[in-house]
Amino acid sequence: MPELPEVETIARGLAPQTEGRSITAVHVLNATSVEGRRPLLETGAPGMLIRRVHRRGKLLLMDLTAPDATPPAGDLPVNLAFHLKMSGRLFVYGKETPPEAHTRLILDLSDGNRLFFDDMRKFGYCRALAEQDFGEWAFWNTLGPEPLEIGEEDFVALLRHRRTRIKAALLDQTVIAGIGNIYADESLFRAGIRPDTACNAVSEARLRSLHGILQAVLQQAIRECGSSIRDYRDAHGDAGAFQNNFLVYGKGGEKCTVCGRKLATAKVAGRTTVFCTKCQR
DNA sequence: AGATCTACCTGGTTGC
DNA sequence: TGCAACCAGGTAGATC
């Protein structure tokens, strides 16, 4: 469940281990872990230089250039986009480390190390993109604004008139990018908003408050290197610490830390949702 | 437009 | 003990 803070942590950890190296070979161990044009990844990526590793929404992006820094001529990938979905992980290992049971893709790097893409559940993917491919990638083109970059006014305007439930809107990557089940529930609890409230029934003042709280929660989670539940690890194989700050996520039936009432569990937008019926209205 | 359901996938947990 | 049922979760796609 890498969400924005986890992907940001992974990108920051991966950057010093991969930027400035070129890709010398690509090994596809599981075909379904490659989305888009497989030949562009397998035969186009070798020889390309990893210039920058960063994040957009929950996507981890590797910007590529030809080693001589000229614009890539013809059909070459200028980007690798990884979506980790639920169980995807990215690690850099020495060349002697063999693939694991769930290793789906390996990129050999020019410094002798290798980037492993492990993904037990096979939901994640790596997509190689040439310049012209971005225009045809619906997920990329409909991705909403970054929650840490959007201003308060724009955030309020984004939600104010929607009739959908506020948690569904927060989870909708076309509305705002990078929020998943954990940070939706944690933010709505801290903002005192019931997850099943229609957006247009939430006062403007509370939407303003949610904007600040959402940013604070995401920033704190990034400072703490994300949340580790089940199999999430950062690029160094380390667990994050934000799970120690969970107030509702995964705590259905436990007592609310604020009022002591039992936390309720419900399905909202198809996801398990935990909230306090007294503190969230 | 928005809600609901299913598919995708596998390991861990629960129930009998 | 053994095994079936269920669960978690992000996104796409179908259907109402």
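The analysis underlying the following values was restricted to heavy atoms, covering all of them including side chains, and did not include hydrogens, waters or symmetry mates. All chains are named by letter (A, B, ...) in the order of the sequence lines, taking the proteins before the strands, and each is independently numbered beginning at 1.
With C/dA8, B/dA1, C/dT11 as the candidates, the nucleotide lying closest to the side chain of A/Lys267 is C/dA8. Set against C/dG10, C/dA8, B/dT4, the side chain of A/Arg165 has B/dT4 as its closest nucleotide.
For C/dG10, one of the phosphate oxygens OP1 or OP2 lies less than 4.0 angstrom from a side-chain nitrogen or oxygen of A/Arg271. Regarding contacts with the backbone of C/dT11, a side-chain N or O of A/Gln173 is found under 4.0 angstrom from either OP1 or OP2. Proximity of A/Ser87 to the phosphate of C/dG9: no side-chain N or O atom is located under 4.0 Å from OP1 or OP2.
One interatomic measurement links the two molecules: OH of A/Tyr183 to C1' of C/dG9, which rounds to 15 Å at whole-angstrom precision. A straight line from CG of A/Asp172 to C1' of C/dG9 spans 16 Å, rounded to a whole angstrom. One atom, NZ of A/Lys58, and another, C1' of C/dA12, lie 14 Å apart when rounded to the nearest Å. The CG-C1' distance, from A/Asn141 to C/dT11, rounds to 16 Å in whole Å. In this structure, A/Leu59 atom CG and C/dG10 atom C1' are separated by 11 Å, rounded to whole Å. A straight line from CD1 of A/Ile179 to C1' of C/dT11 spans 16 Å, rounded to a whole angstrom. Put simply, CD on A/Glu6 is 10 Å from P on C/dG10, counting in whole angstrom units. When the P atom of C/dC7 is taken as reference, atom CG of A/Asn181 falls 15 Å away, rounded to whole Å.
A salt bridge links A/Arg37 to A/Asp75: at least one charged side-chain nitrogen sits closer than 4.0 Å to a carboxylate oxygen. A salt bridge does not link A/Glu19 with A/Arg52: every distance from a Lys NZ or Arg NE/NH1/NH2 to an Asp or Glu carboxylate oxygen is 4.0 Å or more.
Between A/Thr18 and the options A/Asn113, A/Asp111, A/Ile50, a side-chain contact (heavy atoms from CB on, under 4.5 Å) holds for only A/Ile50.
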Which atom pairs link the protein and nucleotides 8-12 of chain B when you take only N or O atoms and keep those under 3.5 Å?
residue, atom, partner, partner atom, Å
B/dC9, O4', A/Arg121, O, 3.2
B/dT10, OP1, A/Lys122, NZ, 2.8
B/dG11, OP1, A/His102, NE2, 2.9

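Minimum interatomic distance between A/Thr164 and A/Ala169 (heavy atoms only, all atoms of both residues): CG2-CB, 4.0 Å.
For A/Lys278, the NZ atom sits in a loose shell: 12 or fewer heavy atoms of surrounding residues, nucleotides or ligands are nearer than 6.0 Å.
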What verdict does the ring-ring contact (aromatic ring centres under 6.0 Å, His included) test give for A/Tyr183 and A/Phe242, after you've listed the backbone C-alpha separation in whole Å, the side-chain angles of each residue and the deciding distance to 0.1 Å?
CA-CA 10 Å; A/Tyr183 298 101; A/Phe242 190 76; 5.7 Å; yes
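A distance-only check finds a donor-acceptor pair linking the side chain of A/Thr273 to the backbone of A/Arg271 [under 3.5 Å].
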